[in-house]
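Notes follow the structure.
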Number of protein chains: 2
Amino acid sequence: MPKLGMEPIRKDALIKATIVEIGRTGSLDVTVSQIAKRAGMSSALAHHYFGSKEEIFLAAMRHILSLYGAEVRGALAVAEGDEARVRAILRASFSPGNFRREVVGAWLNFWVLAQTSDGARRLLAIYQGRLRSNLLAPLRGLAGSRAGELAEALGAMIDGLYLREVLKKGTPDGARAARMALAYLDAELGRKNRA
Amino acid sequence: MPKLGMEPIRKDALIKATIVEIGRTGSLDVTVSQIAKRAGMSSALAHHYFGSKEEIFLAAMRHILSLYGAEVRGALAVAEGDEARVRAILRASFSPGNFRREVVGAWLNFWVLAQTSDGARRLLAIYQGRLRSNLLAPLRGLAGSRAGELAEALGAMIDGLYLREVLKKGTPDGARAARMALAYLDAELGRKNRA
DNA sequence: AAGTTTATTGACTCGTCAATCAACAATAAC
DNA sequence: GTTATTGTTGATTGACGAGTCAATAAACTT
C-alpha cells in the first residue's frame with residue numbers, strides 16, 4: 001500500500017481536519033486521535049509528520065492566516081484608489097471563504113492559543129501587523145492624521161464581528177457583517193449612510 | 001479551626017482565584033487544584049462547594065458579568081440624555097475595574113467556553129441582550145432607524161477592543177479603548193472628531 | 001538480492017486530573 | 001454528652017490522552 005510522497009498529502013489532510021474539529025467542537029480540547037481519525041489515519045502518523053500537537057495547531061493557524069492573506073492581496077490587486085482599497089479589505093475579511101463557522105471558530109481558539117503559545121502569538125502578531133499596514137496606507141490618504149486610530153478601530157471591529165458570529169446559531173452572514181464595517185468607514189469619512 | 005458560615009467565604013475566594021488563574025494562564029486549562037491552592041484550600045473542598053469544575057467556571061463568569069452589569073447600571077443612573085447614556089455605557093465598559101488583564105483574559109476564555117457549555121452560552125446571551133437593549137434605547141433617539149445596526153456595531157467594537165487588548169503586553173489602556181469607541185459614535189452621529 | 005528509505009499502525013508508557021471517599025475536627029442542638 | 005451538622009483534607013480511583021516504539025510492508029537504490 002505505502003505509496004511514496006505521502007507527506008504533503010497527509011499534512012494537508014491533517015491541517016484541514018484540525019480546522020474542522022476545532023470549529024466543530026469549539027475548543028482546543030481536541031485529541032490528536034480525533035484529528036487523525038477525521039483525516040483518515042492513525043494518531044501515530046500524525047505525530048510522525050508533525051512531531052507534536054502544538055505543531056499541528058500552528059500549521060492549521062498558518063493555513064488559515066495564509067488563506068486570509070491571499071484573499072486580501074487578491075482584492076487589493078484589483079482595487080483602484082484609496083477608498084476602494086479599504087473597502088476591498090473589509091469585503092475580503094467577510095468573504096464566504098473566510099467567514100465560515102469552522103474557520104471563525106478556529107480563529108477564536110487560535111486567539112486563546114496565542115495566550116499560551118509563543119509561536120501562535122507570533123503568527124497572530126504578523127497577521128495584525130499586515131492588516132494594520134494594509135489599512136493604514138489607503139487610510140492616510142483618506143483620514144490624514146487620524147489614520148492610525150482608524151486602522152486600529154477597523155481592525156478591532158473586524159475581530160469583534162468575528163467574535164460575535166461564533167455565538168450565533170445559523171449560517172454566518174458575511175454580507176451583513178461587511179455592511180456594518182463599511183457603515184463605520186462611511187461614518188468616519190463623513191459619507192451619508194443608507195442601505 | 002472549622003468555623004461555621006465558611007461557605008460564602010470559600011465560594012468567594014474560589015471565584016476570585018478562578019478569574020486570576022484563568023487570566024494568568026490565559027486558558028481554561030487550569031486545574032481545580034490550582035484554583036483551590038490559590039484560594040487557600042484543598043481541591044476536595046472546592047468540589048465540595050461547587051460540585052464540578054464547570055460550576056466553578058460558571059460562577060466566575062456570573063461574577064464578572066454581574067460586576068460589569070453593576071458598573072453599567074451605575075453609570076446609566078447618573079447620565080442625563082440619550083447621548084450621555086451611550087457614552088456612559090462605553091466608558092463603563094472600559095473602566096479600570098473591568099478592563100484589567102485577568103478580567104479581559106477571563107472574558108476571552110468564557111467566550112470559548114460558551115461554545116461548549118450551554119450554561120455559559122446562556123449567560124453570555126443574557127449579557128449581550130442587556131447590553132444591546134441598554135444601547136438601543138438611547139440610540140433610537142439619536143439615530144432613529146439605524147439604531148439597531150449601530151447598537152450591534154458598537155457591541156462588536158467593544159468586544160473587538162477587548163479581544164485585542166489580550167494580546168498586548170503592557171497594562172491595558174482603557175482610556176484609549178474608550179476614546180476609540182467614542183470616536184466611532186461621534187462619527188456616526190456626525191460630530192466632529194478630535195482628541 | 002540485499003540494503004535503505006518512507007509509510008504506517010497497534011500496543012504501550014507515563015503523566016495528569018476530575019471526582020469520590022473515608023476519616024477527622026469543631027461547633028451546634030437536644 | 002450524645003447526636004447531628006458543617007468544615008476539611010489526604011489518599012485513591014478511573015479515565016483519558018500525548019507521545020514513543022517496535023514491527024511490518026511497500027517502494028526505491030545499487
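Labels below follow one simple rule: chain letters A, B, ... track the order of the sequence lines, proteins then strands, and each chain is numbered from 1.
Proximity note for Met6(B) (side chain, C-beta onward) versus dT9(C), dT6(C), dG7(D): the nearest is dG7(D). Across dT20(C), dT8(D), dT8(C), the shortest atom-to-atom separation from the side chain of His48(A) is found for dT8(C). Distances from the side chain of Lys53(B) to the nucleotides dA18(D), dT6(D), dA19(C) place dA19(C) closest. Among the nucleotides dA18(D), dG10(C), dA28(C), the one closest to any side-chain atom of Val32(A) is dA18(D). Comparing dT6(D), dG19(D), dT6(C) by their closest approach to the side chain of Ser52(A) singles out dG19(D).
By the 30° and 60° cut-offs, the orientation of the rings of Phe94(B) relative to Tyr162(B) is tilted.
Of the residues near DNA chain D, Glu54(A) and Glu7(B), the one whose nearest nucleotide (by heavy atom distance) lies more toward the 5' end is Glu7(B).
A salt bridge between Arg146(B) and Glu188(B) is present, with a side-chain N of the basic residue lying under 4.0 Å from a carboxylate O of the acidic one.
Rounded to whole angstrom, the span from the CG atom of Leu45(B) across to the C1' atom of dA22(C) amounts to 16 Å. As rounded to whole Å, 15 Å separates atom C1' of dG10(D) from atom NE2 of His47(B). Separating the CG atom of Leu14(B) from the P atom of dG7(D) is a distance of 13 Å, rounded to the nearest angstrom. Separating the CD atom of Glu55(A) from the P atom of dA18(D) is a distance of 15 Å, rounded to the nearest angstrom. In this structure, CG of Asp29(A) is placed 19 Å from P of dA15(D), rounded to the nearest angstrom. Distance Lys37(A) NZ to dA18(D) P: 15 Å, rounded to the nearest Å.
The cluster map of Ile, Leu, Val, Met, Phe, Trp and Tyr, joined by side-chain heavy atoms under 4.5 Å apart, puts Met180(A) and Val104(A) in the same cluster.
Within 4.0 Å (heavy atoms only), Ser43(B) reaches no atom of the nucleic acid at all. The residue Thr31(B) sits close only to the backbone: its heavy atoms come under 4.0 Å of sugar-phosphate atoms, none of a base. Note on Tyr49(B): only backbone sugar-phosphate atoms sit closer than 4.0 angstrom, heavy atoms only; bases stay farther off.
Ring centroid separation for the pair Phe99(A) and Trp107(A) does not come in under the 6.0 Å cut-off.
In this structure, Arg10(A) does not reach the dT6(C) phosphate: none of its side-chain N or O atoms is under 4.0 Å from OP1 or OP2.
Counting only N and O atoms by type, the side chains of Glu54(B) and Ser117(B) include a donor and acceptor under 3.5 Å apart.
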